[in-house]
Amino acid sequence: MQERYEHAAIEADAQAWWDGRRVFAATEDRSRPKYYCLSMFPYPSGRLHMGHVRNYTIGDVLARFMRMQGRNVLQPMGWDAFGLPAENAAMANGVPPARWTYDNIAYMKRQLKSLGLAIDWDREVTTCSPDYYRWNQWLFLRMLETGVAYKKTGVVNWDPVDQTVLANEQVIDGRGWRTGALVEKREIPMYYLRITQYADELLAALATLPGWPERVRTMQANWIGKSVGVRFGFPYELGGERRVLNVFTTRADTIMGVTFCAVAAEHPLAAHAARGNPALAAFIEECKQGTAMEAELAQQEKKGMPTGLFVTHPLTQQPVPVWVGNYVLMGYGEGAVMGVPAHDERDFHFARTYGLPIRQVIQKAGQSFADDAWQPWYGDVEGTTCIHSGKYDGLGHEQAVAAIAADLKVLGVGDTQVQWRLRDWGISRQRYWGCPIPIVHCAGCGDVPVPDDQLPVVLPDNLVPDGSGNPLGKTPAFVDCACPSCGKPARRETDTMDTFVDSSWYFLRYASADNARAAVDDRADYWLPVDQYIGGIEHAILHLLYSRFWTRVMRDLGLVKVDEPFQNLLTQGMVLNDIYFRKPATGRIVYFNPTEVEIKTDAAGQQAAFLKSDGAPVESGGIGTMSKSKNNGVDPQLLVEQFGADTARLFMMFAAPPEQSLEWSDQGVQGAYRFIRRLWKAVYEHVAAGAVPGTATMDALTGEQRTLRRQVHQTLVKVTDDLGRRRVFNTAVAAVMELMNALDKFTDTTAPGRWLRQEALEKVVLMLSPIVPHICHALWRELGHEGALIDERWPERDASALAQESVEIVLQVNGKLRGRIVVPVGASEADVKEAALADPAVMRWVEGKPIRKVIVVPGKLVNVVA
RNA sequence: GCCCCAGUGGCGGAACGGUAGACGCGUCAGACUCAAAAUCUGAUAUCUGCAAGGGUGUGGGGGUUCGAGUCCCUCCUGGGGCACCA
């Protein structure tokens, strides 16, 4: 055995061994329980970043661990290859997005391979390939047929200078990122998927996902946002015609406190009132300007303007003024709300601003109402009763809502209704680098779906966008076509699909990746659902919800049998690093990569950062997610070259639990490397000492030998639990490190001692193999095994090694630690209590006080309450 | 603004209501070396004490419990998401 640990040779050798025997190619072996281990596929941005390394190492550890547990493991990989960055790169470099993307994929695939991941590359999926996206198109057409897909108008960010639609990301402070022009909202026709039709099921089924983090389920439930309330109408007359203004409210109990109604700027009533009212028309225009982003809308100043119209309160018959409010969303409910300033905070501030009356109709015991300042209890529903509400006075929230809903129903103006926050999913994007929507617009026949036998509608791969609109629209070879229905010249749809479509079913395609005739086949029934899905917390809502929806749509089309695609979910935390920058007097902030920066400590002990290239200081921007924009990423390539994939993997697993954010640390990497070299050295020295004699008889072991063997098996129990049940890896690594520390101190060179060392090292190599597979592959051979480690099973614990004769008990007096005693295992509670009370330290602390209570936790502690 | 999560030594973190700080990093001391690096050994929350020991301590405040870093309420700070970044 070689004395030096040489990661490059060891890793190349192990990877060649796995590749040469195709050990990770998965087949549908029905005799074994399957394990589908899936990591979120990467966007091919150019190079792998640390977030990827973390994500894929977690997946790989679980995949390899489950393989050792006897499961038939599938771990596939692919590319989320459509998207905006390719268009941005094209604009910057003049290279077509297709070439940029495929070059990136080739490079990143080499990087992934160098990490030694147990991936079945035969199932690789690339979403920008026609082999994949033709099925997006095919599935979209099925959704059109079943009514899941439909067309309506939607709001987009419009850059009036570039004449193009902007992504939210491209809008900075309300202006276009390239032109600096004020962004406008614009309504255009788009295709939508009826996810709201599945809202009930998507919400209810969260209860069937105990393997998901509670917080993700909560976020999804809030996103779907089911609320039960009352929908009712305020009657009014317009041009001699009787109409109603419908609103939805969860607070029908406050209906007697209505002093105004507010409608969205896009509401028909607003448009009507604006005719002949230039000031109102201007206000409505102003509301329609600006952002379409919820985060910005929610923070802008609440503004409104009266329409001059009045509606009638359905219960009091009083006239109620109608306002236009910029805080009313057309997309939610009816696009109109009843205004109850006394009991809704937004309405309160609105009413205060515009001098509208505030009428208290809810009271709470011990609280007094004043209309000059908002108090949180005004919005309470518990412990409140109605006042100033006529026949409803004295009723609680629920009773009042029920009574008022019933009365509105009798009047024929309202009823209880379930309202969802969830909106239908708009999938049209006015962009080039995406999956073409398979529709042809014909002057005679209208919107005609492309027939299945003409799929895929192939995206031309040689265009270079210039930022002014979708280049597809300027490409006659793409746009001009014959109508599939009448054959006359027609125009092809130039919108492409949201890239979330691509990622909503790729995990199904992996199971049937080579099928050119169908999107999925019965192999999907074998592999699905995904047993373990691993990805960033930033996908907690959208991607995961869309995937759950899409899977159900495919189920209802008879294509798959599962309801839920992902049985267990692990949301890994972000990878963070230091941020350094300079802010020139004019121009934009310049960020420097931490590798370009040197930290110096001056005479006074103050630390300061300097740029290596010019020696001048840079400012510290704290710590943040590794990102291109902050230029604080670390290239995994350099790490792998310098220290090897095993070190990179070990550091990632050891530095933090998987769900927490992870701070990058060069010194932490050094520590991981040091441990790997220690492991190598321990095996080297053991092997160099010659062959291990026979076997040892357990009952002949000395106390010290028994202690070591117990620790070996205790570590095995802990690591098995951490990897299997708890899914935390940092503590598993720590336990093995402790064992290695103990092994260092175990200098016994007798025959049983050497035998124990052999056993300990074998267990360590097996336990660490999911995390650092390359070095373990090599060490397993060196420890004298003919077969390869990849074919080994996870070791079993030896119960006899774990047996103990005595156990330490912690003694507390009034909850404070005061001493310890050692008692025999299985000592009775009474004996332990007696021993505890007889302990000198306990006696000293309870002296003179009557003992009120003694709590005994068997095998752990005694707490004396005095 | 709304929804979700996290705050523990100099740092990353451990503690699955029961010994706070495992393990690693860093620092300090020692060994080896002409020297340095590497490696190895030991110490390392804080205050008090010669020591044994004792006090304090898990972002702030309050609560539940024999016992709270852990559960509940509230506030502060940081992070993620908010529907066209992926």
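Keep in mind it's a predicted model, so treat the numbers as computed, not measured. We name chains A, B, ... by the order of the sequence lines, and we start the count at 1 in each one.
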N/O contacts under 3.5 Å, protein versus nucleotides 63-71 of chain B?
{"unit_1": "B:rC66", "atom_1": "O2", "unit_2": "A:Asn863", "atom_2": "ND2", "d": "2.5"}

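A salt bridge links A:Asp162 to A:Arg178: at least one charged side-chain nitrogen sits closer than 4.0 Å to a carboxylate oxygen. No salt bridge links A:Lys152 with A:Asp424; every basic N to acidic carboxylate O contact stays at or beyond 4.0 Å.
At a cut-off of 3.5 Å, with distance as the only test, no side-chain donor of A:Asn104 or A:Tyr43 sits close to an acceptor on the other residue. A donor-acceptor pair shorter than 3.5 Å can be found between the side chains of A:Arg678 and A:Asn741. Between the side chains of A:Trp177 and A:Asp159, no donor N or O sits under 3.5 Å from an acceptor N or O.
Atom name C1', nucleotides B:rU70 and B:rG18: the rounded distance is 11 Å, in whole Å.
As judged by a 4.0 angstrom heavy-atom cut-off over every strand, A:Leu84 is placed among residues touching the sugar-phosphate backbone only. Residue A:Arg217 is out of contact with every strand shown, counting any heavy-atom pair closer than 4.0 Å. Heavy atoms of A:Lys302 sit nowhere under 4.0 angstrom from any nucleic acid atom.
For RNA chain B, the stems formed by at least three consecutive Watson-Crick or G-U pairs, with both atom-pair distances below 3.5 Å, span B:1-7 with B:76-82, B:10-12 with B:23-25, B:26-31 with B:39-44, B:45-48 with B:53-56, B:59-63 with B:71-75.
Counting to the nearest Å, the C1' atom of B:rA86 and the CD1 atom of A:Ile427 are 17 Å from each other.
The side chain of A:Arg674 places an N or O atom within less than 4.0 Å of a non-bridging phosphate oxygen (OP1 or OP2) of B:rC25.
Glycosidic conformation, B:rG12: anti, with the torsion outside 90° of 0.
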